[in-house]
Engineer: 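Please find one structure pasted underneath; my questions will follow.
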Amino acid sequence: MTSSSNNDPSVFAEQLAVRRHWLLCAPALTVLFLAASGPLLIVLVYSFLESGEYGGVVWKPSVDAWFRVVFQRDIFDDTLSLADAHLKILWRSMRLSFFTTITTLILGFPTAYFIATRPQNSRNIWLFMVTVPFWTNLLIRTFAIMEVIRNEGMINTLLIFIGVIDAPVQMMNTDFAIMVGMTYVYLPLMVLPLYAAMERLDFSLVEAAYDLYATRLKVLWRVIIPLVRPGVVAGSILVFIPALGAFVTPRVLGGGKKMMLGNLIELQFGAGRNWPLGAALSITLLAVVMVALLVYVRTVQKNAELQR
Amino acid sequence: MNMRKLAAGLAGIMMLLASGAAHAGGELQLYNWGNYTNPDLLAKFEKETGIKVTVTDYDSNSTALAKIKAGGHGFDMVVPSASHVKIFIEEGLVIESRPDQMSNFKNVAPEWRNPFFDPGRRYSVPWQWGTVGMVVDTDVYKGDINTSAIVFDPPAELVGKINIAPEMLDIMNTAMMYVGSEPCSTDKAALKKARDVLVAAKPKWLSMDYGLVEKMPRGDYAAAIYWNGAAMRARLAKSSIRYGYPREGYTVWMDNAMVLKDAKNVENAKLFQNFVMDPENAALISSFAKYANGISGSEKFMPEEMATAPEVIVPDEFKSMGVFPPACSKEANDYYTAIWTELTK
């Protein structure tokens, strides 16, 4: 007679279940590590090394890269100051991403509402049309936008033809052009989660609100928006994050005179020959995204609790 | 049977198989700039030697260097710019394939036989070379175009109509020569001057972008600092476009084909090096990418419009103003990056 738990059949089965559980998880965990944490770890390690003479890294620990993310030593008089160029570029990227999120939300909300309120069988056709642009390469879509807004492009030619303006309006190579391009590119990422949320919306609640003499605006603010909030959150996140790292659209449409964070990182790995700084800037971008997400999710949760 | 014997045996079998073909046969892995290798050139090489060439693209010297340094790439040849030829040699990444002893070496133009980046041409053969200069639409501006002031201190007609090639090294080097210094200098007074010139000029620029060949002829801008081959293609699309050689100094670049140390097809690579020094073949390279190639007698085989193009054939009076920038030291490169970041922040 042994009292060892190992021999207890139920405990044994439990252990077996646990083991099988981990075994079944193993492929997913491996992929997750290899595809997500592994490369990130390399980036993190690189950011703490010295940069090589001609790019690459030297395996000597150094915090120089991180120092340079935040501070800059004036190359002419050696005074130390905040890295105003890096902060300015970071701020520009965040501002542009924020406004892109807002414009896609303003355009995407009515679009999603429209699709969700169509009869079941035609919804798929509308959804399909939203996803069609995804079939084309991003660069081609960006060049197409360029054709529309450049000085001899469709809009200017049309406006001059019907006599609204005499000389072309300069739209290319401005922040406006970047905004148009980014909004166009990221709009589907906003529409799809919004639609998913609205499709589940119980429209009898909307009717009930009208029955209780709510105005249209009140129905929107107090009934529809709170109910589709998860879709708004998901859409905003899906738009904000890639927008923050975007560099093709700003470069092609914005004329490349002002860098975005993505361009700054690219510079370090290319002509700048400073991989550790590039790695540190990438981690900074990651941290900014995480903080922005946390703040956003917190506020949304708080608001939701307040309304309850 | 140990591994070495096994390998030798396999190699023997491979050789037997290879010699069975009518020609030398085999393959060659060429690692070259994107949109730069004429497919007709490779077809001709395969027809003559039976060697099949596979091309893989890169977009910058730094990319090519990083990938080859990392190892395990499987390439036989690389075509870096002059500034990087020395790095490849110094880092021991290429072999001394002795192009100077190859049969076609006699075709290399005298001025390219003993370049500073590869004295005596013991490692590299010329692929293409070109310059970075001023591209101006003379319908818009009729003054002197042989000066970097076109973009760094532009005349009133061109303000707001200027494009800058988004290549840090070319622009910084040209700016350094404009303020009377030299490429990759670490002289702080000169660097400061160059920065001030660039920062003051930036509001007068429209864009810092690629795509001159399409954009300039259709009138998106009227002046640019850009590469000569593109300038020629723009002129063919709009005849008022001219290319200027800055008398303050302009950048000359040359890309050169070299054989990698860990190449698997060394002999094929050497055959290819000899092959591209043949005037007829060099002309194929040029007629595809529209830059000069450094091989005498290749003009005969080039399209007429190229053999006489003032963008490709540097006029004698400007020859002495061309400068081959070296690979900048880490210190100089850090200064450049800092100024470039400030300029585009």
Engineer: For a quick test of your reading: what N or O donor-acceptor pairs under 3.5 Å do the side chains of residues 128-136 of chain B make, sequence neighbours left out?
Structural biologist:
{"residue": "Q128(B)", "atom": "OE1", "partner": "Y291(B)", "partner atom": "N", "Å": "3.3"}
{"residue": "Q128(B)", "atom": "NE2", "partner": "Y36(B)", "partner atom": "OH", "Å": "3.3"}
{"residue": "T131(B)", "atom": "OG1", "partner": "Y243(B)", "partner atom": "OH", "Å": "2.7"}

Engineer: In terms of heavy-atom pairs under 4.5 Å, which option from T337(B), L65(B), T344(B) contacts chain A the most?
Structural biologist: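 It is T344(B).
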Engineer: Measure distances from R273(A) to the heavy atoms of chain B and classify the residue's part below 4.5 Å as side chain, backbone, both or neither.
Structural biologist: both
Engineer: May I ask you to check whether over 12 heavy atoms, not counting those of F116(B), lie within 6.0 Å of atom CZ?
Structural biologist: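 Buried by this count: over 12 neighbours within 6.0 Å.
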Engineer: May I ask you to check whether over 12 heavy atoms, not counting those of F99(A), lie within 6.0 Å of atom CZ?
Structural biologist: no
Engineer: Are the side chains of S51(A) and K330(B) in contact, using a 4.5 Å heavy-atom criterion?
Structural biologist: yes
Engineer: Using heavy-atom distances under 4.5 Å, tell me whether Q72(A) contacts chain B through its side chain, its backbone, both, or neither.
Structural biologist: neither
Engineer: Given that the side chain runs from C-beta out, which part of L206(B) has a heavy atom under 4.5 Å from chain A: side chain, backbone, both or neither?
Structural biologist: both
Engineer: Can a donor-acceptor pair be found, under 3.5 Å and without considering hydrogens, that links the side chain of N274(A) to the backbone of D334(B)?
Structural biologist: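 Such a contact is absent between N274(A) side chain and D334(B) backbone.
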Engineer: Side chain, backbone, both or neither: which part of S60(B) has a non-hydrogen atom closer than 4.5 Å to chain A?
Structural biologist: neither
Engineer: Which atoms of R92(A) come close to chain B, meaning under 4.5 Å heavy atom to heavy atom: side chain ones, backbone ones, both, or neither?
Structural biologist: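 When you check distances to chain B, only side chain atoms of R92(A) fall under 4.5 Å.
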Engineer: Keeping K257(A) on the side-chain end and W205(B) on the backbone end, is there a donor-acceptor pair under 3.5 Å?
Structural biologist: yes
Engineer: Which one wins on heavy-atom pair count under 4.5 Å against chain A: E342(B), E167(B), K69(B), R195(B)?
Structural biologist: R195(B)
Engineer: Step through the shown structure and confirm whether more than 12 heavy atoms of other residues, nucleotides or ligands are within 6.0 Å of CZ on F48(A).
Structural biologist: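 Buried by this count: over 12 neighbours within 6.0 Å.
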Engineer: Which of residues 209-226 of chain B have a heavy atom under 4.5 Å from any heavy atom of chain A?
Structural biologist: D209(B), Y210(B), K215(B), R218(B), G219(B), D220(B)
Engineer: Rounded to the nearest 0.5 Å, what's the gap from CE on M208(B) to CG on N263(A)? Could you check?
Structural biologist: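 Reported value, rounded in 0.5 Å steps: 10.5 Å.
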Engineer: For the residue pair G272(A) and N333(B), what are the closest heavy atoms and their distance?
Structural biologist: O-ND2, 3.2 Å
Engineer: Which distance, rounded to the nearest 0.5 Å, do you find between the CG of D84(A) and the OG1 of T341(B)?
Structural biologist: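 If I round to the nearest 0.5 Å, the distance is 11.0 Å.
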Engineer: Could you go through L87(A) and K345(B), starting from their C-alpha distance and side-chain angles, then the distance that decides it, and tell me whether this counts as side-chain contact (heavy atoms from CB on, under 4.5 Å)?
Structural biologist: CA-CA 9 Å; L87(A) 294 179; K345(B) 73 182 176 193; over 6 Å; no
Engineer: Can you establish whether the number of heavy atoms outside N137(A) located under 6.0 Å from its atom CG is more than 12?
Structural biologist: yes
Engineer: Counting only non-hydrogen atoms closer than 4.5 Å, does L343(B) touch chain A with its backbone (N, CA, C, O), its side chain (CB onward), both, or neither?
Structural biologist: backbone
Engineer: Checking an interface table here. Which of residues 151-158 of chain A come within a heavy-atom distance under 4.5 Å of chain B?
Structural biologist: E152(A)
Engineer: Give the member of Q170(A), R150(A), E53(A), R68(A) that has the highest number of heavy-atom pairs under 4.5 Å with chain B.
Structural biologist: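 Max contact count across the listed options: R150(A).
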Engineer: Listed by residue number, which members of residues 86-93 of chain B have a heavy atom under 4.5 Å from any heavy atom of chain A?
Structural biologist: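 Listed by number: I87(B), E90(B), E91(B).
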Engineer: Check the surroundings of atom NZ in K188(B): do more than 12 heavy atoms from other residues, nucleotides or ligands lie under 6.0 Å from it?
Structural biologist: yes
